[in-house]
S.K.: 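Can you keep this structure in mind? I'll have questions shortly.
Computation of the quantities below employed the complete heavy-atom set of this structure, encompassing side-chain atoms and omitting hydrogens, waters and symmetry-equivalent molecules.
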Amino acid sequence: MGTEKQRLDQRRAPVYEALETFRQMRVVPFDVPGHKRGRGNPELAEFLGERCVGVDVNSMKPLDNLCHPISVIREAEDLAAEAFGAAHAFLMVGGTTSSVQSMVLSACKGGDEIILPRNVHRSVINALVLCGAIPVYVAPEVEDRLGISLGMRREQVAKAIGKHPNAVAVLVNNPTYYGICGDLRSIVQMAHGAGMLCLADEAHGTHFYFGEGLPLSAMAAGADMAAVSMHKSGGSLTQSSLLLTGPAMPAGYVRQIINLTQTTSGSYLLMSSLDISRRNLSLRGRSIFREVVHMAEYAREEINQIGGYYAFGKELIDGNAIFDFDATKLSVHTRAIGLAGIEVYDLLRDEYDIQIEFGDIGNILAYLSMGDRPQELERLVSALAEIRRRYQRSSAGLLSQEYLDPEVVSSPQEAFYAPKRSIPLRQSAGQVSSEFIMCYPPGIPILAPGERITQDILDYIEYAREKGCSLTGPEDPEIRNINVLTGGGTEGKGHGTLV
């Protein structure tokens, strides 16, 4: 008869504790980094603080090694796994981009099919460029009033699985940037029923693991892997992340995949921030996110009373493509006041010294988390009311839809590495792109390698540029030219499809 596994002490923070012990030892540093605890770069030490640069150290026996952890980093990962309900957790220092790519690379190899929504972050498609897997894109539903892409419908996933029974995995956004969640538990069950893995991009869902009344987390839904962006709503330093795995994933193999691309010089600043933040969430997360939800709901009510704006929430839930909504996300539709989201974003920053997460052609997102205060939300609400009063105009002529269905001609890897030529973007309609174009944030490609360039896409890009969106992706920094396939692309099996 087995015994119940003993719970770990979530008050511990092993990496942080080891660094504090190391700090007190006053070790003479004849190793890297070359700033030698800040002494060699006093301007850096003054800017960041001596306590910070004093623990910017290299791997050594007392501090373990991120590539092959056996002591304090391993303990920190075990604590994170328990806190998040995972079989294993990996500390990641290359951002959630690294977590997403390691997740995809662990599930896929060259020629494998993977089912995923097209409104994924560029890091997912980048992973397909690296490994040569073939995307089976599920076109997301679009909310007509808001123009935003939603989750995958259960019927769409079932159809994709039926048409591509040899696919190795299904990838899900949980949630989207706007806070929209699909029916993750059902999708996991469908994937597993077909012998496929289920992967979750939870870059914007860290708090799901510690909140009350929030959408279901990937590990609770039975997903096999989840990329969790601790630095977004979890409170850790920028570029720190977690990769969570379920019991079906061999941890040793996943570690090998991570080590293919992750640095061998893991930052102890980032790792200790993950350790401390996990402890904070484990001990206080429920009360923290209860307050965040309360603030977000209050702000939604106040913004909707201004008139013109629509701060959307759980009323959108339809039980399928909008199976649930992340109540911490303060997403606001702006088109009815005659302004694109990016225009409101710019006005808030330039006129009111308020920096929100992003603005796109129809919406803005104010990202709320543990560090926000009610008085700052009042300032945001007041600024939005004043912007409406000062700048409102007719909405005629504004684009309404954020998502355009792509025509997939070639796989991302084939297109990225194929012979190419640079031509003026305005003259590229009908050609096949070999690179990305996207607004960042949110980093969802308007155009990805292997997709046909259409006039609708060009019109969208030009509109986004005119409204002030930050366009990124191509080799040409001015985004006046684009690289296209010299042969125009080839259609057929093995190049990717849109279901």
S.K.: For Cys439, run the side chain to side chain contact (heavy atoms under 4.5 Å, CB included) check against Asp360, Ile446, Ile361 and tell me which one passes.
M.R.: Ile446

S.K.: Show the numbers, then the answer: is there a side-chain hydrogen bond (donor to acceptor under 3.5 Å, both in side chains) between Tyr367 and Gln355?
M.R.: CA-CA 10 Å; Tyr367 209 103; Gln355 180 63 59; over 6 Å; no

S.K.: Let me confirm one number: the OG1-CD distance from Thr21 to Glu17, rounded to the nearest 0.5 Å.
M.R.: 7.5 Å

S.K.: What I want to find out is whether Glu376 reaches Arg373 closely enough, with some N-O distance under 4.0 Å, to be called a salt bridge.
M.R.: yes

S.K.: With the side chain counted from C-beta on, respond yes when Leu171 and Ile115 share a heavy-atom pair under 4.5 Å apart, and no when they do not.
M.R.: no

S.K.: Could you pull out the closest heavy-atom pair between Gln262 and Ser98, with the gap in Å?
M.R.: OE1-OG, 4.0 Å

S.K.: Would you call the rings of Phe84 and Phe210 parallel, tilted or perpendicular if under 30° counts as parallel and over 60° as perpendicular?
M.R.: perpendicular

S.K.: Looking at Glu343 and Arg393, is any side-chain nitrogen of the basic one under 4.0 Å from a carboxylate oxygen of the acidic one?
M.R.: yes

S.K.: Once you round to the nearest 0.5 Å, how far does CE of Met271 lie from CG of Leu63?
M.R.: 8.5 Å

S.K.: Check whether more than 12 heavy atoms from other residues, nucleotides or ligands sit under 6.0 Å from atom CZ of Arg390, and answer yes or no.
M.R.: yes

S.K.: Looking at side-chain heavy atoms only, is the closest gap between Leu199 and Leu197 below 4.5 Å?
M.R.: yes

S.K.: Quick check: closest heavy atoms across Ile258 and Met92, and the distance to 0.1 Å?
M.R.: CD1-SD, 3.8 Å

S.K.: Return the set of residues passing ring pair (Phe, Tyr, Trp, His ring centres under 6.0 Å) with Phe358 (not counting sequence neighbours), or none when no residue passes.
M.R.: Tyr177, Tyr178

S.K.: State plainly whether the residues Arg284 and Glu291 are in salt-bridge range, i.e. N to O under 4.0 Å.
M.R.: no

S.K.: Tell me, please, which residues at least two apart from Arg389 pass salt bridge (Lys or Arg N to Asp or Glu O under 4.0 Å).
M.R.: none

S.K.: If you measure from the Lys or Arg side-chain nitrogens to the Asp or Glu carboxylate oxygens, is any gap between Arg74 and Asp78 under 4.0 Å?
M.R.: yes

S.K.: How about Ser241 and Ser229: does a side-chain donor come under 3.5 Å of a side-chain acceptor?
M.R.: no

S.K.: As an exercise, state the distance from CG of Leu243 to CD of Glu202, rounded to the nearest 0.5 Å.
M.R.: 11.0 Å

S.K.: Any chance you could measure Gln189, atom CD, to Arg154, atom CZ, to the nearest 0.5 Å?
M.R.: 10.5 Å

S.K.: According to the interplanar angle, ranging from 0 to 90°, do the rings of Phe289 and His207 count as parallel (below 30°), tilted (30 to 60°) or perpendicular (above 60°)?
M.R.: tilted

S.K.: Identify the two heavy atoms, one from Leu146 and one from Tyr310, that lie closest to each other, and give their separation to 0.1 Å.
M.R.: CD2-CD2, 3.6 Å

S.K.: Which of these passes side chain to side chain contact (heavy atoms under 4.5 Å, CB included) with Asp350: Asp353, Leu347, Asp346, Ile354?
M.R.: Asp346

S.K.: Sequence neighbours left out, what passes ring pair (Phe, Tyr, Trp, His ring centres under 6.0 Å) with Tyr137? Give chain and number order.
M.R.: none

S.K.: To the closest 0.5 Å, what do you measure between CG (Asp275) and CD1 (Ile73)?
M.R.: 9.5 Å

S.K.: Rounded to the nearest 0.5 Å, what's the gap from OH on Tyr309 to CD on Gln392? Could you check?
M.R.: 8.5 Å

S.K.: Can you list everything that forms a salt bridge (Lys or Arg N to Asp or Glu O under 4.0 Å) with Arg185? Sequence neighbours excluded, please.
M.R.: none

S.K.: By salt bridge (Lys or Arg N to Asp or Glu O under 4.0 Å), which residues pair with Glu75, not counting sequence neighbours?
M.R.: Arg12

S.K.: Just wondering, do Leu216 and Phe208 contact through their side chains at under 4.5 Å, heavy atoms?
M.R.: no

S.K.: Can you see which heavy atom on Ser149 is nearest to which on Asn119, and at what distance?
M.R.: OG-ND2, 3.2 Å

S.K.: Is any side-chain heavy atom of Asp324 less than 4.5 Å from a side-chain heavy atom of Lys314?
M.R.: yes

S.K.: Among Leu214, Leu242, Val228, which residue satisfies the side chain to side chain contact (heavy atoms under 4.5 Å, CB included) criterion with Tyr209?
M.R.: Val228

S.K.: Does anything in residues 91-104 form a salt bridge (charged side-chain N to carboxylate O under 4.0 Å, His left out)? List the pairs, not counting sequence neighbours.
M.R.: none

S.K.: Please give me the minimum heavy-atom distance between Leu330 and Ala311, naming the atom from each residue.
M.R.: CD1-CB, 4.5 Å

